[in-house]
Amino acid sequence: EVKLQQSGDELVRPGASVKISCKASGYTFTSYSMHWVKQRPGQGLEWIGAIIPIIDTTEYNQKFKGKATLTADKSSNTANMELSRLTSEDSAVYYCARHGGGYYFDYWGQGVMVTVSS
Amino acid sequence: DIQMTQSPTSLAASVGESVTITCLASEDIYGSLVWYQQKPGKSPQLLIYGATILEDGIPSRFSGSGSDTQYSLKINSLQPEDFASYYCQNGLSTPRTFGGGTKLELK
């Protein structure tokens with residue numbers, strides 16, 4: 001069974017950084033790219049970027065360049081996303097999602113709620 | 001970037017009715033259209049990809065159609081568990097872009 005288990009919810013101070021993780025199981029981690037999606041409360045979905053674990057290649061939505069940094073640890077089958085210089089605009093749920101079939105997200109993590117507040 | 005415009009943004013219907021949600025891409029996406037369902041507090045779930053291909057385990061009352069820039073999701077004989085939000089997604093190019101969502105509510 002494919003599963004993407006994300007780390008727990010975070011409360012962080014403005015200006016700080018946060019790193020959230022997504023541990024994959026039930027499939028070969030290096031065979032699929034991992035994507036990250038943002039959803040602000042009551043809002044729609046926004047693609048942040050992706051990483052191809054087997055070659056450690058990343059691609060970012062221009063909007064999130066400098067904000068998000070994606071990495072992958074092949075030894076632990078874990079994808080990570082670090083968000084820096086956090087502001088209230090970064091308060092959202094962040095999902096990791098496996099890219100199946102080349103253009104759709106077939107499995108999603110449960111989401112991590114990041115709350116930026118002093 | 002390809003813009004995805006969904007309509008309506010909200011929709012009220014009754015159990016047993018049929019509804020249609022549309023998604024308009026700002027350019028031809030050659031059938032690379034994906035639909036997701038999201039229930040409150042849950043992750044999105046893949047429903048349809050390739051505009052018309054039902055993901056395994058998705059009930060046949062869901063169907064997708066369309067080509068070029070215009071796509072639709074139809075739900076026949078609505079069930080209580082279908083009341084949720086629905087999103088379309090551009091699968092042709094990056095950045096992957098989503099429609100603004102359609103919230104399907106019980107009338």
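Just so it is clear, the structure is predicted and the values come from calculations on it, not from any experiment. Letters go in sequence order (proteins before strands), and every chain restarts at 1.
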Using the rule that two of Ile, Leu, Val, Met, Phe, Trp, Tyr join whenever any of their side-chain heavy atoms come within less than 4.5 Å, decide whether [X] and [Y] are in one cluster.
X	Y	result
B/Leu24	B/Ile29	no
B/Tyr30	B/Leu33	yes
A/Tyr95	A/Leu86	no
B/Leu46	A/Leu4	no
A/Ile48	A/Val114	yes

Polar side-chain atom of B/Gln89 near backbone of A/Tyr103 as donor-acceptor pair, under 3.5 Å: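 Yes, the answer is positive, given that a donor and an acceptor are paired below the 3.5 Å cut-off.
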B/Tyr36 side-chain N/O to A/Phe105 backbone N/O, donor-acceptor pair under 3.5 Å: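 Yes: the side chain of B/Tyr36 pairs with the backbone of A/Phe105.
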CD/B/Gln79: more than 12 non-hydrogen atoms of other groups inside 6.0 Å: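 Result for CD/B/Gln79: enclosed.
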Enclosure of A/Lys23 NZ (heavy-atom neighbours >12, cutoff 6.0 Å):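 Correct, the count exceeds 12.
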Note, A/Gln39 side chain near B/Tyr87 side chain (heavy atom, < 4.5 Å):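 The answer is yes; the side chains approach within 4.5 Å.
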Validation row: B/Thr94, A/Trp47 side chains within 4.5 angstrom (heavy atoms):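 When only atoms from C-beta onward are counted, A/Trp47 and B/Thr94 do touch, with a gap below 4.5 Å.
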Pairs of heavy atoms under 4.5 Å with chain A: top-ranked of B/Ser43, B/Gly41, B/Gly91, B/Gly99: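 Greatest number of close heavy-atom pairs with chain A: B/Ser43.
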A/Tyr104, part contacting chain B, at a heavy-atom distance under 4.5 Å: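 The answer is both parts of A/Tyr104.
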Residue A/Gln62 versus chain B: region with a heavy atom under 4.5 Å: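 When you check distances to chain B, no heavy atom of A/Gln62 falls under 4.5 Å.
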Shortest non-hydrogen contact between A/Trp108 and B/Pro44, atoms and distance: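 Reported closest heavy-atom pair: CD1-O, 3.3 Å.
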Contact class of B/Lys42 relative to chain A, heavy atoms under 4.5 angstrom: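 Backbone only.
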